[in-house]
Amino acid sequence: MSKPLKQIHLAAHFPGVNNTTVWSDPRAGSHIEFSSFTHFARTAERAKFDFLFLAEGLRLREQGGTIYDLDVVGRPDTFTVLAALAAVTERLGLTGTINSTFNEPYEVARQFASLDHLSDGRAAWNVVTSWDAFTGENFRRGGFLPQEDRYSRAREFLTTAHELFDSWQGDEILADRATGAFLRDAKAGSFVHTGKHFDIHGRFNVPRSPQGRPVIFQAGDSEEGREFAAAEADAIFSRHAQREQGQAFYADVKSRLAKYGRRADQLLILPAATFVLGDTEDEARDTAREVRRQQVSGATALKHLEFVWNRDLSAYDPEGPLPEIDPDVDAEHISRGRAQVRMYRDPLATAREWRELAEANKWSIRDLVIETGNRQNFVGTPETVARTIDEYVQADAADGFILVPHITPGGLDEFADKVVPLLQERGVFRADYEGTTLRDHLGLTHPDEARESRAAS
Amino acid sequence: MSPSSPSSPAPLHLAVALDGTGWHPASWREQVARPRDLFTAGYWADLVTEAERGLLDFVTIEDGLGPQSSRLLDPDDRTDQVRGRLDAVLIASRVAPLTRHIGLVPTTVATHTEPFHISKAIATLDYVSTGRAGLRVQITARQNEAAHFGRRTLPRIESYDHTDPATRALITDLFDEAADYVEAVRRLWDSWEDDAEIRDAATGRFVDRDKLHHIDFEGRRFSVRGPSITPRPPQGQPLVAALAHATVPYRLVARAADVGFVTPHDTDRARAIVQEIRAEQEAAGRGADPLHVFADLLVFLDDDPAEARARRARLDDLAGEPHSGDARIFAGSPAELADLLQEFQTAGLSGFRLRPAVAGHDLPAISRGLVPELQRRGAFRTAYEADTLRGLLGLTRPANRYAA
């Protein structure tokens with residue numbers, strides 16, 4: 001018997017600070033006005049996507065001691081814009097990255113529980129960690145959290161938040177006018193948490209929200225990140241949107257679930273993916289090439305190289321050969337506030353490899369950055385893209401994708417109009433929402449049902 | 001002498017303070033109340049829409065980092081009153097796209113939250129409301145709320161009364177911290193100049209980094225480096241408001257706020273408070289800046305004044321004790337309230353923040369009863385005359401402190 005068709009999950013990422021967005025394109029609109037978010041969210045909902053996703057950054061990036069000025073910069077507050085989007089959409093899930101280092105559980109739990117109430121059950125939390133002193137300079141807490149403690153704090157943060165969400169059962173509010181009893185129980189919301197990072201107690205003041213708890217996402221790719229996701233998350237954002245790498249990641253993460261007493265379908269794997277559509281394959285490829293040229297200007301290419309070399313390379317010609325000097329591995333990193341600082345763990349090896357690549361292919365600095373940088377995941381006609389996405393999902397390279405358009409706010413429109421109907425025709429994507437909450441869209445059980453079924457078994 | 005002469009009344013400003021089912025603790029037991037809807041967006045959207053129907057300047061939304069309590073400084077274990085509330089900033093943001101003119105001023109607690117977070121949150125509220133955001137800053141000396149955060153312990157005090165030196169020191173410290181908080185928030189709002197985003201394709205620069213500024217705020221309780229992650233909001237500086245009952249908080253209002261809420265019980269007291277705030281304003285070197293002083297009043301409004309008083313008595317009975325709080329309680333008709341407001345206004349108040357005793361009853365009574373009465377007297381707007389909250393309050397858009 002053949003395997004039943006998997007249903008694809010689709011989400012949309014409104015690109016924040018990045019060099020994905022081609023801001024110089026005449027079709028590019030504001031990345032901060034609310035009308036842009038409204039347009040983007042309504043397109044995603046029209047296409048019956050599972051959710052919209054917003055990333056977060058808590059300090060403007062700097063490189064070489066100055067604010068990085070080549071990429072889109074500036075973004076709204078995650079919670080606030082998601083709450084407003086709840087007013088202009090009805091079913092779309094609302095997922096936000098919220099840092100577990102520069103926040104406190106009581107406040108974040110209040111905000112997520114509030115967002116879940118105000119959206120009738122559509123809130124999701126992408127739990128991320130950050131530890132750097134650079135970002136910490138914006139906060140009371142400061143940047144003192146050692147790197148090795150970041151997952152330990154994140155785990156305890158999440159555990160504590162769950163204790164707060166669970167401190168209300170959901171049946172405490174009687175509001176009985178006749179007897180004058182508003183609450184069934186004077187102790188509703190009581191909690192005590194004693195741990196390494198948090199020692200708090202009292203009463204949580206938001207009653208249980210429609211989803212019980214927000215859906216939990218996790219985005220780390222490290223060994224610790226994978227374990228954290230396997231233990232705690234409902235979905236994982238991955239970088240592995242290619243077929244083989246995706247399959248390897250998928251198999252690895254799903255194999256970790258059993259030891260936490262979880263089934264493979266209780267954690268969705270959702271890579272971020274870019275796409276470029278054309279009427280023909282050639283047109284799509286040409287457009288994709290042009291998009292990459294726009295994303296990687298000469299100046300951007302040099303900055304990217306500086307990132308690995310950890311040196312000022314402004315004297316180099318981006319259309320010329322790679323520097324012959326080696327990266328400076330001793331100095332403090334010139335780039336600050338970038339999540340990718342640790343991406344190149346061995347800069348000397350990376351530089352060597354890149355020089356060889358550039359020489360063999362006669363690539364300039366800019367060519368090299370374009371060719372080795374962000375891969376464009378789905379390039380082709382709507383038919384090709386729909387088929388490829390479906391094949392990847394059926395081949396267990398992913399459970400779906402979080403699409404990142406390169407134009408905001410209109411970059412999702414074409415996908416919604418042309419690719420989604422083809423996926424629906426293939427019977428692998430919903431024609432309409434079947435439920436009202438994000439848990440419904442993602443096929444996740446409500447925590448209360450999970451608790452009841454555990455209790456019954 | 002009646003101060004309500006129709007020939008020369010100054011227009012006054014009106015806000016309503018939204019809190020649960022209303023400000024009377026037994027308000028949830030009224031038939032018109034919707035206690036089971038308190039945690040839905042629809043409930044708040046209905047209230048704010050009703051206030052906008054009355055052309056009010058803004059709504060404030062109460063908040064707190066612990067359960068409501070009938071005691072000033074300690075939690076109680078009562079089950080007969082509304083307990084639990086949603087985050088006020090998120091409520092304001094959720095209703096912003098559903099309204100067009102009314103200002104939205106959520107409460108935020110400076111004592112336990114991050115100025116960086118609240119700065120970008122209110123800037124974002126200003127974007128989602130296209131220029132209608134404000135923030136009402138509040139402190140808390142409650143030990144139970146400190147225990148929810150576990151970052152600091154506060155010494156126990158018996159009241160917010162200022163005569164005891166230890167109490168005075170704590171309260172002064174918390175208000176000084178709140179002043180620092182507002183200063184950091186305001187600097188962050190200015191940390192992007194208005195034209196920082198340049199999208200200069202020729203040089204490949206999205207922003208002009210010379211127009212982005214580190215704020216380098218150093219206070220006793222915290223420091224913030226900046227710049228904000230959010231560009232300067234539409235109003236430049238969203239509205240900052242604070243409720244004040246004594247000299248120390250009056251000083252916060254005078255130094256840091258655009259609107260201060262005060263609680264005089266008569267006109268003489270109102271005049272004294274206004275004078276004290278003006279003096280503090282001068283002392284702080286802000287004498288020339290516009291600063292609104294609004295009086296807070298808790299209101300029971302009915303066309304028949306006897307009915308309003310009967311309603312108050314009925315709710316007090318249900319609550320088991322007469323309700324009293326910081327603000328004067330008014331029970332009467334819209335015309336009587338209009339008389340009172342106009343009399344209070346002569347003390348130098350520029351507006352009022354009305355606390356509906358029962359939101360479902362007294363808010364519509366304000367928007368559909370009081371407002372037309374004031375309009376008849378030429379004392380209140382008949383249409384929204386500006387697109388931003390600052391505009392409604394006659395405040396200009398401030399220049400950026402960092403711009404050359």
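Just so it is clear, the model here is predicted, and its values are computed rather than measured. Lettering follows sequence order; numbering is per chain, from 1. These values consider heavy atoms only, across backbone and side chains, with no hydrogens, waters or symmetry-generated copies.
Counting heavy-atom pairs closer than 4.5 Å to chain B, the top residue among G298(A), A181(A), A299(A) is A181(A). With chain B as the partner, the residue from S297(A), G180(A), S209(A) showing the most heavy-atom pairs under 4.5 Å is G180(A).
Side-chain contact between F79(A) and L90(B) is present, with at least one heavy-atom pair separated by less than 4.5 Å. Here the side chains of S114(A) and R85(B) are not in contact, with every heavy-atom distance at 4.5 Å or above. Contact check for W23(A) versus R199(B): side-chain heavy atoms found under the 4.5 Å cut-off. By the 4.5 Å heavy-atom criterion applied to side chains, E56(A) and K120(B) are counted as neighbours.
Each of F217(B), F116(B), F222(B) was checked for a side chain to side chain contact (heavy atoms under 4.5 Å, CB included) with N138(A), and the lone residue meeting it is F116(B).
For a residue to count as touching a neighbouring chain, one of its non-hydrogen atoms must lie under 4.5 Å from one of that chain's; by this rule T179(A) touches chain B with the backbone only. At a 4.5 Å heavy-atom cutoff, the contact between L58(A) and chain B is made by backbone and side-chain atoms alike. Contact of E107(A) with chain B is made through backbone and side chain together, with heavy-atom distances under 4.5 Å. Of the atoms belonging to Q294(A), not a single heavy atom falls under 4.5 Å from chain B. In this structure, the portions of T66(A) lying under 4.5 Å from any heavy atom of chain B include both its backbone and its side chain. Contacts of D185(A) with chain B are made by backbone atoms alone, with heavy-atom separations under 4.5 Å and no side-chain atom involved.
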**Message:** Working note: D63(B) + R110(A), criterion salt bridge (charged side-chain N to carboxylate O under 4.0 Å, His left out); need CA distance, chi angles, decisive distance, verdict.
**Reply:** CA-CA 11 Å; D63(B) 205 355; R110(A) 278 199 86 214; 2.8 Å; yes
**Asked** Going through the checks in order, is the salt bridge (charged side-chain N to carboxylate O under 4.0 Å, His left out) test met by E145(B) and R203(A)?
**Response** CA-CA 9 Å; E145(B) 294 183 6; R203(A) 297 259 305 267; over 6 Å; no
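Taking the six-membered ring wherever Trp is involved, the centroid distance between the rings of H31(A) and F206(B) falls below 6.0 Å.
A salt bridge is defined here as a Lys NZ or Arg NE, NH1 or NH2 lying under 4.0 Å from an Asp or Glu carboxylate O, and E62(A) with R209(B) fails to meet this definition.
Below 30°, between 30° and 60°, or above 60°: for H148(B) and F191(A) the angle between ring planes is between 30° and 60°, a tilted geometry.
For the residue pair D77(A) and H117(B), no side-chain donor N or O sits within less than 3.5 Å of a side-chain acceptor on the partner.
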